[in-house]
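Every value quoted in this text rests on a predicted model; they were computed, and no experiment measured them. Labels below follow one simple rule: chain letters A, B, ... track the order of the sequence lines, proteins then strands, and each chain is numbered from 1. In what follows, every heavy atom counts, from backbone to side chain, and hydrogens, waters and symmetry copies are set aside.
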There are 2 protein chains.
Amino acid sequence: MDRGAVVRITDVAALAGVSPSTVSKALNDTGSLRESTRARVREAAERLGFVPDATARSLSARRSFTVGLLSTDSAGRFSLPVVLGAENALVGGELSALLATARHDPVREQHHVRALVARRVDGIIVTGRTTEPREPIRVPMPVVYAFAPSSDPDDASVVPDDAAGMRLLVEHLAGLGRRRIAYVGGRAEQAASLVRYETLATELAARGLELVGTPLYGDWSEQWGRRAVDLVLGGAVGSGLPVDGIVFASDQLARGGCDRLRELGVRVPVDVAVTGYDDWEVMSLASRPPLTTVDMQLERLGQRAAELLIAAIEGEPARGVERLTPRLVARASTLGDG
Amino acid sequence: MDRGAVVRITDVAALAGVSPSTVSKALNDTGSLRESTRARVREAAERLGFVPDATARSLSARRSFTVGLLSTDSAGRFSLPVVLGAENALVGGELSALLATARHDPVREQHHVRALVARRVDGIIVTGRTTEPREPIRVPMPVVYAFAPSSDPDDASVVPDDAAGMRLLVEHLAGLGRRRIAYVGGRAEQAASLVRYETLATELAARGLELVGTPLYGDWSEQWGRRAVDLVLGGAVGSGLPVDGIVFASDQLARGGCDRLRELGVRVPVDVAVTGYDDWEVMSLASRPPLTTVDMQLERLGQRAAELLIAAIEGEPARGVERLTPRLVARASTLGDG
DNA sequence: TACGATCAGGAAATCGGATTCCTAGTTTCC
DNA sequence: GGAAACTAGGAATCCGATTTCCTGATCGTA
């Protein structure tokens, strides 16, 4: 913290014995200068530890080289990886990330939006906690919505492809010979619960497999996962089990489910195969057995959002919803110890 | 996204029929202007949706009204709440937060530091993944270290007071009549494991309570928590248990411990009371029974770091390590169902 | 040798506000 | 009624880098 040590371009110019404009040209490889001059300027800048003031640069460039990461959420389990992925990708484009978390408060969100506009960010990435579509924000710069898409189809959004994820799971279970599958969702009104169920139903039907019972909805807790297992089995034990597979809408549910199955003496996956969703490792790996699940690749999603935003900033805006194909992660809850 | 709609101060001036300097004075409540003039200007600004360019303002104010949040970590479980708490507190000071995650890569960190310096941030908050002291960064603006303190005692750092947390736990266990306590740590070389153990030993001794066995170290997984329970019990069952309490150094360990105890038919907390650490709710609440644990109040820690940084920016720097007292969260793993 | 073309580098304008300094009017007070 | 003290608001300067002009020097060629 060596205060007062702010070196300006004029300081470099003085040391190198040239004018400030020459320094600028030398360091930015523009204009026409003798190589010896450039070298002299570079050396002077180096020696003084000159770091050009980005504020001034922004002013004349009419670009801030900054993008806003607006998180509706307080950057929770889902939006956090998205934010990190985006931040990571932005670094490559020499862009900085302004973090703005709204915590579900529209007033805070509005305040943040104003602040981002005031800072003349080059663009904004908006993330949410759920995959529910959200109201778009109105700002005079490009915006990309990640995870939670914009309700305006003309906006650019990137979301995980839940249907594709579910298809991967069905394919996997079918390949393992499972034929009677039950579904346990989270909160009934949420897109994640519903889309996953609908895709499951469609895919099972397409393969002539049985969807056992009606979809069960509760919340997203392990506790509900445990209770749901009781509902699925309906008191049956031993060889009279009504299912040979349970698809849970999240790892948390699946982990609870596994715990309950074990308590009941039902072997996973020998008697019943179990799948989760999210690949939240603290759940999926800690589960006994570890869960076969779907990785939505949220970091990649954030990265993709950043790419789209950069393209938009450079004049090539995208529109519509882009669905990112997730990745199946196969573990012991379907494969067994082998 | 209504492009080209960037309103400048001259536009407002023209509409209000005054000079740009008058607009500036009117909107910032400076200078001496007739109230009617101020009102006219305000109205014009309002109508045009004028948002002053923060870049330009920064340039002349020689302040960016921005602080850097430099996370060594990729903003994981510990640094994330700190970052959020800080961001939250900064909003109140009309400061924006630039997010910079280094992901344990010194090169990336250096790059981010340079970018923050280039942007002339007013200050930087540095967070880490562990409570291990870290090398300070060298920049020409105030810095506050949060969670991971600076190794230079002259720097300002804010850390959770682990010793105080442990004291709370011992007090709690002693109050419940527990007398024979075992300790299960995480990774042996980490401060969190060691400090907690040492404090536990000291506090138990001070109260004439027994510390059973040697401290057990492994990793931070649930699996290790389960295995450690076997080591603690050493095959004993029924009324011959060697302990009536186990202090785990994290919720994850404690949760694994509870699972194992239940499998062995040991009742928690009737036979053995269990405590965790961190109050990571997805663990502490999902555990059966829910965990008595210590909340380090990481958000408050981030908030406090922001306060110290703001004070430093305003010319009143702090120095030394400030320890934030954590909060005991008592739940069923020591209290029982009551 | 001379004249146009090319080149190196400097002077000045620019980005968009904030702030300092002035200058007309208007009050105030003796 | 005239000088001193305010007032309201505008003109000019500044923040620090980029960029556009522009000038003097060098080069090439007829």
Under-3.5 Å donor-acceptor pair between B/Lys25 side chain and D/dG10 base: yes

[atom1] of [X] versus [atom2] of [N]: gap in Å, rounded?
X	N	atom1	atom2	answer
A/Asp11	D/dC15	CG	P	12 Å
A/Arg38	C/dG9	CZ	P	9 Å
B/Arg34	C/dT26	CZ	C1'	10 Å
B/Ile9	C/dG17	CD1	P	6 Å
B/Phe50	C/dG16	CZ	P	11 Å
B/Arg63	C/dT19	CZ	C1'	17 Å
B/Phe65	D/dC15	CZ	C1'	13 Å
A/Leu33	D/dA25	CG	C1'	15 Å

Can you find a side chain N or O atom of [X] that sits less than 4.0 Å from OP1 or OP2 on [N]?
X	N	value
B/Ser60	D/dC15	no
A/Ser32	C/dA8	yes
A/Thr22	C/dG10	yes
B/Arg57	C/dA18	yes

Students often get this wrong, so: under 4.0 angstrom with heavy atoms, is [X] touching a base, only sugar-phosphate, or nothing?
X	answer
A/Thr37	sugar-phosphate
B/Thr55	nothing
B/Val23	nothing

Salt bridge or not between [X] and [Y]? Use side-chain N to carboxylate O under 4.0 Å.
X	Y	answer
A/Arg42	A/Glu35	yes
B/Glu307	B/Arg304	yes
A/Glu314	A/Arg63	no

Heavy-atom check, side chain of B/Leu308 versus side chain of B/Val158, under 4.5 Å: yes

Looking only at the side chain of [X] (C-beta and beyond, no hydrogens), which of the listed nucleotides [options] gets closest?
X	options	value
B/Arg62	C/dA11, C/dG16, D/dG16	D/dG16
B/Asp53	C/dG16, D/dG9, C/dG10	C/dG16
A/Leu59	C/dA11, C/dG17, C/dC15	C/dC15
B/Ser21	D/dA17, C/dT19, C/dG10	C/dT19

More than 12 foreign heavy atoms under 6.0 Å from CZ of B/Arg323: is that the case here? no

When you match B/Ser36 and A/Asn28 each to their closest nucleotide on DNA chain D, which lands nearer the 5' end? B/Ser36

Report the C-alpha distance between B/Arg119 and A/Glu94 in whole Å, list the side-chain angles of each, state the deciding distance to 0.1 Å, and finish with yes or no for salt bridge (Lys or Arg N to Asp or Glu O under 4.0 Å). CA-CA 12 Å; B/Arg119 290 203 137 73; A/Glu94 296 287 295; over 6 Å; no

